[in-house]
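Here's the structure, in structure tokens; my notes come after.
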Amino acid sequence: MPRPNWIDDPSISNDDDLWRGVEQKDVKEVEGKYVPSTGSFVTTEMSVSIVAETTQQLILAKGTANGHQWRLWEFPVVAARTPGCLVDRDPINAQDDPAKNDPAHAVVVHPQLVTNPRKRLTLGQAKSMVNAGRWADEPDEPE
């Protein structure tokens, strides 16, 4: 159940990067590049992790502990905020299984989720995050 008090957390900088775990089934080819489908971003509460506060190894292990085989899509916070999303901290402390813990966990939500518990991120918001990102396990492309 969505919580009613999502905020745009000012302690998360626009310069920070986020990781979104993406299943292989949600990867598609666009103009010769493999990217996440925008559909994997159109959700009510999009789970992400703050890159500066964790490691790829920990996030991939958390995914495995939850039954997922992810690649990590990395994008800047500003790519979520520019189209109007809120980015809020939502640390996970799984007492039953420490492998599922994620103190760097955050959530990207549509601002109307505060009043409408079924409000999903829009296709335009998803495109902003996909277009601004890259796979965390691939080197930066030269400019």
After noting the C-alpha distance and the side-chain angles of Thr122 and Val42, does the key distance pass the side-chain contact (heavy atoms from CB on, under 4.5 Å) rule?
CA-CA 6 Å; Thr122 67; Val42 177; over 6 Å; no
Quick one: NE2 on His110 to OG1 on Thr115, what's the gap to the nearest 0.5 Å?
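Going from NE2 on His110 over to OG1 on Thr115, the span is 9.5 Å.
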With rounding to the nearest 0.5 Å, note down the distance linking NZ in Lys127 to CG in Leu121.
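CG of Leu121 is found 14.5 Å from NZ of Lys127.
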Between [X] (side chain) and [Y] (backbone), is there a donor-acceptor pair under 3.5 Å?
X: Arg89; Y: Ala106; result: no
X: Asp16; Y: Ser13; result: yes
X: Ser40; Y: Pro36; result: no

Shortest non-hydrogen contact from [X] toward [Y]:
X: Gln56; Y: Ala136; answer: NE2-O, 3.3 Å
X: Pro111; Y: Gly84; answer: CD-O, 3.1 Å
X: Asn14; Y: Pro76; answer: O-CB, 4.4 Å
X: Ala126; Y: Phe41; answer: CB-CB, 3.6 Å
X: Cys85; Y: Val108; answer: CB-CG1, 3.7 Å

Check whether [X] and [Y] end up in the same hydrophobic cluster, where Ile, Leu, Val, Met, Phe, Trp and Tyr are linked by side-chain heavy atoms less than 4.5 Å apart.
X: Val30; Y: Trp135; value: yes
X: Met129; Y: Tyr34; value: yes
X: Val27; Y: Phe75; value: yes

Go through it in stages, so that I can follow the logic: the residues are Arg20 and Val22, the test is side-chain contact (heavy atoms from CB on, under 4.5 Å), and I'd like the CA-CA distance, side-chain angles, deciding distance and then a yes or no.
CA-CA 6 Å; Arg20 168 77 170 156; Val22 179; 4.1 Å; yes
Answer yes or no: does atom CD of Glu29 have more than 12 heavy-atom neighbours from other residues, nucleotides or ligands under 6.0 Å?
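Atom CD in Glu29 is crowded, with more than 12 foreign heavy atoms closer than 6.0 Å.
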Can you pull out every salt bridge (charged side-chain N to carboxylate O under 4.0 Å, His left out) where at least one residue sits in residues 66-77? Sequence neighbours excluded, please.
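The answer is Arg71-Asp137, Arg71-Glu138, Glu74-Arg134.
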Could you walk me through whether Val109 and Arg120 pass the side-chain contact (heavy atoms from CB on, under 4.5 Å) check?
CA-CA 7 Å; Val109 300; Arg120 293 174 171 259; over 6 Å; no
Can a side-chain donor-acceptor contact be found between Ser128 and Gln125 if the only test is distance below 3.5 angstrom?
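Short answer, no.
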Give every residue pair that meets the side-chain hydrogen bond (donor to acceptor under 3.5 Å, both in side chains) criterion with at least one member in residues 58-68, sequence neighbours excluded.
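Every side-chain hydrogen bond (donor to acceptor under 3.5 Å, both in side chains) pair that includes a residue of residues 58-68, provided the two are not neighbours, is Glu23-His68, Lys62-Asp102.
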Please determine whether side chain to side chain donor-acceptor pair (under 3.5 Å) holds for the pair Arg118 and Thr44, giving the CA-CA distance in whole Å, both sets of side-chain angles, and the decisive distance to 0.1 Å.
CA-CA 6 Å; Arg118 291 186 295 229; Thr44 53; over 6 Å; no
Report the C-alpha separation of Val48 and Trp73 in whole Å, then their side-chain angles, then the decisive distance to 0.1 Å, and conclude whether the side-chain contact (heavy atoms from CB on, under 4.5 Å) test is met.
CA-CA 9 Å; Val48 294; Trp73 188 252; over 6 Å; no
Linked hydrophobic residues, Leu60 as query - side chain contacts closer than 4.5 Å:
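Result for Leu60 is Trp19, Val51, Ile59, Trp70, Leu72.
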Option passing side-chain contact (heavy atoms from CB on, under 4.5 Å) with Asp9 (candidates Ile50, Asp88, Val87, Asp90):
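Considering Ile50, Asp88, Val87, Asp90, a side-chain contact (heavy atoms from CB on, under 4.5 Å) with Asp9 is found only for Asp88.
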Might you work through the side chain to side chain donor-acceptor pair (under 3.5 Å) test for His105 and Ser47, ending with a clear yes or no?
CA-CA 7 Å; His105 185 259; Ser47 289; 3.0 Å; yes
